[in-house]
Structures are given as structure tokens and as C-alpha cells.
Amino acid sequence: MGAEGAVSILYGERLAGMPDSEAERQMAQAEYERKFSRPYHAAASGHVDEVLIPAETRPRLISALELLRNKQTARPEKKHGNMPL
């Protein structure tokens, strides 16, 4: 969801009653983009672990998947089988 949709949801009722609602909508949209449209704010607040540069994405993904190449999971035995119906 972009800033325009978020402002419509968050401030729609308040903006509908204002005489100069379009100017207020633009200000609210600019404020929303300033606060929430950057990944660095989410990383600083702990919602995101790390922000990757796009050129680094592929090598980092490959190295992360190589760690899991030989992973084996042990599944617990089934207690009961399926009943025939």
C-alpha cells in the first residue's frame, strides 16, 4: 500500500470534513512518506534485521541457502495412523 492509500484509510474521515482537504491530504501524504517510506526507519526500530543493497542480494541469498544444503530434520513418529472410513 502506498502513501496515498494509507492516508485515505488513516485520515479519510478527518480530511472529508475540511474545507481545503486536498492541501491537507498532500501534507499528510508527504508526512507519511517521510516517516514510513524509507527502509532505514523500519531497520532502526527493529522491524527489519538488515537493509541490503540490491547488488548484494544474490550473493547473500546464495550464501544463506548454502548453509541449509545438508540440513536434515528429524520428524517425530506418528502416534496414530489414519482411520479407514
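This one's a predicted model, so the numbers in the text were calculated from it and none came from an experiment.
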Problem - Heavy atoms of other groups near E13 CD, more than 12 under 6.0 Å - result: no

Completion exercise
side-chain contact (heavy atoms from CB on, under 4.5 Å) filter on L68, not counting sequence neighbours, yields K71

Practice task
Identify, with sequence neighbours excluded, every residue that meets side-chain hydrogen bond (donor to acceptor under 3.5 Å, both in side chains) alongside Q26.
Solution key: E22

Problem - Residue list, side-chain contact (heavy atoms from CB on, under 4.5 Å) with K35, at least two apart or on another chain - result: E31

Exercise for the section: Give the other cluster members for L65, using side-chain heavy-atom distances under 4.5 Å between Ile, Leu, Val, Met, Phe, Trp and Tyr residues; answer none if it is isolated. Expected result: L61

Exercise for the section: For L52, check side-chain contact (heavy atoms from CB on, under 4.5 Å) against everything at least two apart and list the hits. Expected result: E50, E56, T57, R60

Practice task
Please name all residues satisfying side-chain contact (heavy atoms from CB on, under 4.5 Å) with E4, sequence neighbours left out, ordered by chain then number.
Solution key: Q29

